[in-house]
Student: 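Mind having a look at this structure? Questions to follow.
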Amino acid sequence: MLGRAVEAFTGRVLGRHQAAVVRIGFGLVWLAYLLREWPNRRVLYGDRSPWSMELADRLLGDDGAFTVLPWFDGRPWFELVYHLGVLAALAVLLGWRTRASTVLFLVTVLSLQNRDVFLGDGGDNVVHLMAVYLVFTRCAEVWSLDARRARTGRSGRTGVVLWAVLGAVLAACQFGGFSGTGLTWTGRTFPYLGWSPLFWGLWAVAGVWWVLGRLRPDGEPRAVLDALATMVHNCAMLVIAVEVVLIYATAGWYKVQGSRWQDGTALYYPLHLDYFTPWPGLSALVGSMLLPVFLISYGTVVLQVAFPFTLLDRRVKNVLLAVMVLEHVGIAVVLGLPVFSLAMIAADAVFLPTGALLWAARRSRVLTSRIRWRPAP
């Protein structure tokens, strides 16, 4: 049994459909956030931000977080990075050239979020983490433009051109003298590596992958590289699953220690704060029902604490996932936290059963075909 498990872990891409849903979900989250905040982008991350670039540089010097925004002064550079983030999120959502688009997605997410770390909430932290993990997954095996191109057998020259352009841009950033401490080969903390080894390593691996695919597609070097990519993907999916478990477990146990959660009134107070009441009438209605508020408060703690243990039983886990998705939908509508809720739903997708995902895909194709072939009145 152990041998079969090792063979599956090293030779089979596990969770292809779940990885695709995670990719689509977080691409949609970041795209929706950037488009929603587009009118306010300069106030949040640009030249009009109350958190000036000087203050950001001082904080970045202490924690070593990565961002490309301090590399150049002025609005044009900021606008370029922001709109590149929009394009990268769209490319990740569609699954177009995901080896490159996930890296650009990572760069834009870190650059904007690390520009002002005081703007984020729990949803932004989840996006921050998943942007790192997605780089190491094979998240475009299904439900992507990359998968469609692989089925048709048309590779084209776009990938090679994109690889060459990104390599030239990376070289200019590395040796241009303007990246400062953003691109370094070593770091001050564990694992004592900077961002340069990651970016250059990904770029080099993509080049070797393409060369072996052209010269020796059935050779042993390509098979070894494919096996390594599969293992990295499976490890990344395992890390994503563990991350989701830790999020719920730590949230639940911290709630257990809170007095407001102990007496069942934790949900009551946000329902009466202007910041969490996008629909005042709905919030007032829900807040007036004391018994449901009490039960939801206690139920939230129970669900989060119990979540790691429900993974031992598939049916219980699936029921709990459905309940938690509904809870996140309620948080988005009642408390006005759509980005946080959508990010958590996208993260929960790593535990969704493959059968349910395939059924949803079939139903969506049926509905799409009906709409497409509906006769005109």
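Positions are given from 1, in the same order as the sequence printed here.
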Student: I'd like to know whether the aromatic ring centres of F199 and F66 sit less than 6.0 Å apart in this structure.
Tutor: yes
Student: With a 4.5 Å heavy-atom cut-off, do H17 and L358 have their side chains touching?
Tutor: yes
Student: Taking side chain as C-beta onward, heavy atoms only, is E243 less than 4.5 Å from Y133?
Tutor: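 They are in side-chain contact.
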Student: Please report the shortest heavy-atom distance between W279 and V333, naming the atom on each side.
Tutor: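 Looks like CD1-O, 3.1 Å.
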Student: Given side chains that start at C-beta, do those of R222 and R216 come closer than 4.5 Å, heavy atoms only?
Tutor: no
Student: Mind listing the closest non-hydrogen atom pair of R260 and Y269 along with its distance?
Tutor: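 Shortest heavy-atom separation between R260 and Y269 comes out as CD-CE1, 3.4 Å.
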Student: Is any side-chain heavy atom of W77 closer than 4.5 Å to a side-chain heavy atom of V68?
Tutor: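 Yes. Closest side-chain heavy atoms under 4.5 Å.
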Student: Is R75 salt-bridged to D47, going by a charged N under 4.0 Å from an acidic O?
Tutor: no
Student: Could you check T230 against R138 for side-chain hydrogen bond (donor to acceptor under 3.5 Å, both in side chains), going step by step and ending with a plain yes or no?
Tutor: CA-CA 8 Å; T230 299; R138 305 180 75 167; 3.0 Å; yes
Student: If I compare all heavy atoms of F276 with all of S283, which pair ends up nearest, and what's the gap?
Tutor: O-OG, 4.2 Å
Student: Quick one: are E54 and D57 in side-chain contact, heavy atoms under 4.5 Å?
Tutor: no
Student: Check T277, V286, L282 against L271 for a side chain to side chain contact (heavy atoms under 4.5 Å, CB included) and give me the one that passes.
Tutor: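 For L271, the side chain to side chain contact (heavy atoms under 4.5 Å, CB included) check succeeds only for V286.
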Student: In Å, rounded to the nearest 0.5 Å, how long is the span from CZ of R42 to CZ of R48?
Tutor: 3.5 Å
Student: I'd like to check the ring pair (Phe, Tyr, Trp, His ring centres under 6.0 Å) partners of W209; sequence neighbours left out, ordered by chain and number.
Tutor: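 Counting only residues at least two positions away or on another chain, W209 forms no ring pair (Phe, Tyr, Trp, His ring centres under 6.0 Å).
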Student: Going through the checks in order, is the side-chain contact (heavy atoms from CB on, under 4.5 Å) test met by F26 and L129?
Tutor: CA-CA 11 Å; F26 282 98; L129 294 170; over 6 Å; no
Student: Is the backbone of A56 close enough, under 3.5 Å, to the side chain of N114 for a donor and an acceptor to pair up by distance?
Tutor: no
Student: Please output the side-chain donor-acceptor pairs of residues 81-98 that fall under 3.5 Å, not counting sequence neighbours, one pair per line with the distance.
Tutor:
| residue | atom | partner | partner atom | Å |
| --- | --- | --- | --- | --- |
| Y82 | OH | L34 | O | 2.6 |
| H83 | ND1 | E79 | O | 2.7 |
| H83 | NE2 | W38 | NE1 | 3.0 |
| R97 | NH2 | S155 | O | 3.0 |
| T98 | OG1 | D146 | OD2 | 3.0 |

Student: Report yes if some heavy atom in the side chain of C235 is under 4.5 Å from a heavy atom in the side chain of L238; otherwise report no.
Tutor: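 SC-SC contact between C235 and L238 ruled out.
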Student: Which heavy atom of G252 sits nearest a heavy atom of Q304, and at what distance?
Tutor: N-OE1, 3.4 Å
Student: What verdict does the side-chain contact (heavy atoms from CB on, under 4.5 Å) test give for F78 and L69, after you've listed the backbone C-alpha separation in whole Å, the side-chain angles of each residue and the deciding distance to 0.1 Å?
Tutor: CA-CA 6 Å; F78 162 73; L69 288 178; 4.1 Å; yes
Student: Can you hop from M324 to V256 via hydrophobic side chains spaced under 4.5 Å?
Tutor: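 No.
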Student: Applying side-chain contact (heavy atoms from CB on, under 4.5 Å), run through L193 and L198 and close with a yes or a no.
Tutor: CA-CA 9 Å; L193 291 175; L198 172 64; over 6 Å; no
Student: Quick one: does T67's side chain have a donor or acceptor within less than 3.5 Å of a partner on S111's backbone?
Tutor: yes
Student: Identify every side-chain donor-acceptor pair in residues 162-178 under 3.5 Å, counting partners at least two apart or on other chains, and give the distances.
Tutor:
| residue | atom | partner | partner atom | Å |
| --- | --- | --- | --- | --- |
| W163 | NE1 | W203 | O | 2.8 |
| Q174 | OE1 | S196 | OG | 2.6 |
| Q174 | OE1 | W200 | NE1 | 3.1 |
| Q174 | NE2 | S196 | OG | 3.4 |

Student: Taking all non-hydrogen atoms of both residues, which atom of Q113 and which atom of D124 are closest, and how far apart?
Tutor: NE2-O, 3.2 Å
Student: Checking L212 against L225 for the side-chain contact (heavy atoms from CB on, under 4.5 Å) test, could you report, in this order, the C-alpha distance in whole Å, the side-chain angles of both residues, the deciding distance, and whether it holds?
Tutor: CA-CA 9 Å; L212 292 178; L225 195 61; 4.2 Å; yes
Student: Got a donor-acceptor contact below 3.5 angstrom from the Y45 side chain to the N40 backbone?
Tutor: no
Student: Checking S144 side chain against A147 main chain: does a donor-acceptor pair fall under 3.5 Å?
Tutor: yes
Student: Can you give me every donor-acceptor pair (side chain of residues 336-353, partner residue at least two apart or in another chain, under 3.5 Å) with its distance?
Tutor:
| residue | atom | partner | partner atom | Å |
| --- | --- | --- | --- | --- |
| S341 | OG | H328 | O | 2.8 |
| S341 | OG | A332 | N | 3.2 |
| S341 | OG | L337 | O | 2.9 |
| D348 | OD1 | Y248 | OH | 2.9 |
| D348 | OD2 | Y248 | OH | 2.9 |

Student: Determine the sole option in D116, L119, V43 for which the side chain to side chain contact (heavy atoms under 4.5 Å, CB included) test with S49 is passed.
Tutor: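 With S49 as partner, D116, L119, V43 yield a single side chain to side chain contact (heavy atoms under 4.5 Å, CB included), made by D116.
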Student: Which residues pass the side-chain hydrogen bond (donor to acceptor under 3.5 Å, both in side chains) test with T310, not counting sequence neighbours?
Tutor: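 Once residues adjacent in sequence are excluded, T310 has no partner under the side-chain hydrogen bond (donor to acceptor under 3.5 Å, both in side chains) criterion.
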Student: Looking at side-chain heavy atoms only, is the closest gap between I247 and V126 below 4.5 Å?
Tutor: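 They are in side-chain contact.
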Student: Not counting sequence neighbours, which residues clear ring pair (Phe, Tyr, Trp, His ring centres under 6.0 Å) with F118? List them please.
Tutor: W51
Student: Please examine the side chains of S297 and V301, heavy atoms only from C-beta on, and report whether any two atoms are closer than 4.5 Å.
Tutor: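 Sidechains of S297 and V301: no contact.
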Student: Give the minimum heavy-atom separation between A19 and H233, together with the two atoms involved.
Tutor: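 Distance-wise, the nearest heavy atoms are CB-CE1, 3.9 Å.
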